[in-house]
Amino acid sequence: MGPMTRAEEESPPWLIPLLRANYFVPCSIHADSNKSECNMFCLDCTSSSFCSYCLSNHKNHRVLQIRRSSYHNVVRVNEIQKYIDISCVQTYIINSARIVFLNERPQPRIGKGVTNTCEICCRSLLDSFRFCSLGCKLGGMKRGNQSLSFSLKGKHGREYQGEAESDEATTPTKIRKTCAFNRLMSGLSISTLKSDYFSGDQWSSSSGDESGFNLSPGTPPIYNHRNSSRRKGVPHRAPF
C-alpha cells in the first residue's frame, strides 16, 4: 500500500468506505426477509453496508442510514454533520428533510444562465457552494486544495463536539435583538412601569409603541347630576 495522500490523512477513516459501499442490495444474511435492503453503514466497523436486521450486531456503534433520491445515495445533514464538516457542499430539502449526496452526479448539459458549477463534476450549484456531494469535496482535497477539510476542528475558532450549531447562532441579528428586548421587558415589574408612566391622579396617555404599557383602561369620569347646568323647562298645558 502506497503512502496516504493529504485527503486520506485529513479525512476520517470511514469516509471513503462509506462512499464506495454498495447500498440497496439484498442482504446476504437476511435475503429471505422483508425489507432486507442494505441501507445502513457503521462508522466504527467500516466494513460494508448492512440491513436493519443486522443492526443488533452494531449496538453502541455510530450508524448512518443511507437513503435514496433520484437513484442517488443521500444521507441526512443532521446525521452526517455530527462527524464531519460538510461546508462547501450543497444541500437539498427532500421530503421536509435536508440531505446531502454521497457521490458525484455529472450533468451533461449546463442550463442557460448558470454561473456556478461543481468543481469536480460540473453540476450546476447555487453561488455559495463549490461541490455537489461529499465525494466531490473529497476530490477537491485530492487536487491539493489546502482550504478544504472534513475536520470539525477550527470552525468559527472552536472545536465542535459532534453537535450542530444552535438556533441562537443561526438566528438573524435583528430577531435576536427583538427577543432579547422582549425578555428584558417581561422581567420588569409592574411597579417599575407605574413609576414611569403614572403622573398625577391618572395614567398618562401615550401614543405609538408606548401605548402598549397601559396596564388597564382609564376610568371614565363620574357624571354629577347636581352640578349639571341643564334645567327642566316650564311645563306647558295642552290646548283645550
Side-chain angles (χ1 to χ4, degrees), residues 5 7-8 10-58 61-143 145 148-150 164:
T5 63
E8 295 174 340
E10 297 190 2
S11 301
W14 48 262
L15 180 59
I16 294 179
L18 170 72
L19 301 179
R20 293 179 178 177
N22 294 323
Y23 301 101
F24 300 97
V25 295
C27 178
S28 58
I29 302 176
H30 306 95
D32 297 333
S33 303
N34 295 329
K35 298 181 180 181
S36 61
E37 290 181 329
C38 297
N39 64 341
M40 302 281 184
F41 188 85
C42 181
L43 306 185
D44 296 315
C45 298
T46 65
S47 54
S48 60
S49 60
F50 54 90
C51 71
S52 58
Y53 296 103
C54 300
L55 194 59
S56 58
N57 299 328
H58 301 272
H61 287 187
R62 298 173 298 168
V63 176
L64 291 177
Q65 180 178 355
I66 309 302
R67 295 169 170 84
R68 177 159 287 190
S69 174
S70 301
Y71 303 101
H72 293 279
N73 299 324
V74 304
V75 65
R76 287 186 175 178
V77 170
N78 61 354
E79 296 178 5
I80 191 68
Q81 70 179 359
K82 297 177 182 179
Y83 310 112
I84 58 174
D85 178 12
I86 61 173
S87 60
C88 300
V89 181
Q90 181 164 321
T91 60
Y92 303 84
I93 297 179
I94 299 178
N95 294 333
S96 302
R98 188 170 293 277
I99 57 92
V100 62
F101 285 86
L102 295 187
N103 295 294
E104 63 181 33
R105 299 174 297 140
Q107 191 172 4
R109 288 186 178 183
I110 300 177
K112 294 182 180 181
V114 175
T115 58
N116 185 38
T117 59
C118 177
E119 297 180 7
I120 302 299
C121 67
C122 298
R123 173 167 286 273
S124 59
L125 300 174
L126 298 177
D127 292 339
S128 56
F129 298 99
R130 298 173 57 183
F131 305 100
C132 71
S133 64
L134 300 178
C136 288
K137 181 176 180 177
L138 181 62
M141 294 176 61
K142 289 180 178 180
R143 289 183 176 181
N145 195 320
L148 298 175
S149 174
F150 283 108

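Every value quoted in this text rests on a predicted model; they were computed, and no experiment measured them. The figures that follow rest on heavy atoms only: side chains count, while hydrogens, waters and symmetry mates do not.
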Can a salt bridge be assigned to the pair Glu79 and Arg67 using a cut-off of 4.0 Å between side-chain N and carboxylate O?
yes
Can you check whether Leu126 reaches Asn116 side chain to side chain, under 4.5 Å on heavy atoms?
no
Pairwise distance CZ(Phe41) to CG(Leu64) - rounded to 0.5 angstrom
8.5 Å
Between Ile84 and Pro12, the two heavy atoms sitting closest are CG2-CG, 3.5 Å
Sequence-distant partners of Asn103, side-chain contact (heavy atoms from CB on, under 4.5 Å), two or more places apart:
Leu19
Report yes if some heavy atom in the side chain of Cys122 is under 4.5 Å from a heavy atom in the side chain of Pro106; otherwise report no.
no
Listed partners of Glu119 passing salt bridge (charged side-chain N to carboxylate O under 4.0 Å, His left out), at least two apart:
Arg130
Donor-acceptor pair, Gln81 side chain versus Ile86 backbone, under 3.5 Å?
no
Using a 3.5 Å distance criterion without hydrogens, assess whether the side chain of Asn145 forms a donor-acceptor pair with backbone atoms of Gly140.
no
With sequence neighbours left out, write down each residue that passes side-chain hydrogen bond (donor to acceptor under 3.5 Å, both in side chains) with Asn95, or none if nothing qualifies.
none
ring-ring contact (aromatic ring centres under 6.0 Å, His included) against His58, all qualifying residues, sequence neighbours excluded
Phe50, His61
Any side-chain donor-acceptor pair under 3.5 Å between Ser49 and Asn22?
no
Taking atom CZ as the centre, does Arg76 end up with more than 12 heavy-atom neighbours from other residues, nucleotides or ligands that are less than 6.0 angstrom away?
no
Name all residues meeting the side-chain hydrogen bond (donor to acceptor under 3.5 Å, both in side chains) criterion together with Arg123; count only those two or more places apart in sequence or in a different chain, and write none if there are none.
none
List the residues meeting ring-ring contact (aromatic ring centres under 6.0 Å, His included) with Phe131, not counting sequence neighbours, and say none if there are none.
none
Could you tell me which residues satisfy side-chain contact (heavy atoms from CB on, under 4.5 Å) with Ser124, sequence neighbours excluded, listed by chain and number?
Gln107, Val114
Quick test of your reading: applying ring pair (Phe, Tyr, Trp, His ring centres under 6.0 Å), list the pairs with at least one residue in residues 101-120, sequence neighbours left out, ordered by first then second residue.
Tyr92-Phe101
Within the side chain of Ser133, is there an N or O that forms a donor-acceptor pair under 3.5 Å with the backbone of Cys136?
yes
Say whether, by atom type as modelled, one donor and one acceptor occur between the side chain of Lys35 and the main chain of Ser52 under 3.5 angstrom.
no
Under the rule for side-chain hydrogen bond (donor to acceptor under 3.5 Å, both in side chains), what residues qualify as partners of Ser70, not counting sequence neighbours?
none
Identify, with sequence neighbours excluded, every residue that meets side-chain hydrogen bond (donor to acceptor under 3.5 Å, both in side chains) alongside Thr91.
Arg98
With Arg62, which residues qualify under side-chain contact (heavy atoms from CB on, under 4.5 Å), at least two apart?
Trp14, Leu43, Asp44, Tyr83
What residues form a ring-ring contact (aromatic ring centres under 6.0 Å, His included) with Tyr53, not counting sequence neighbours?
His30
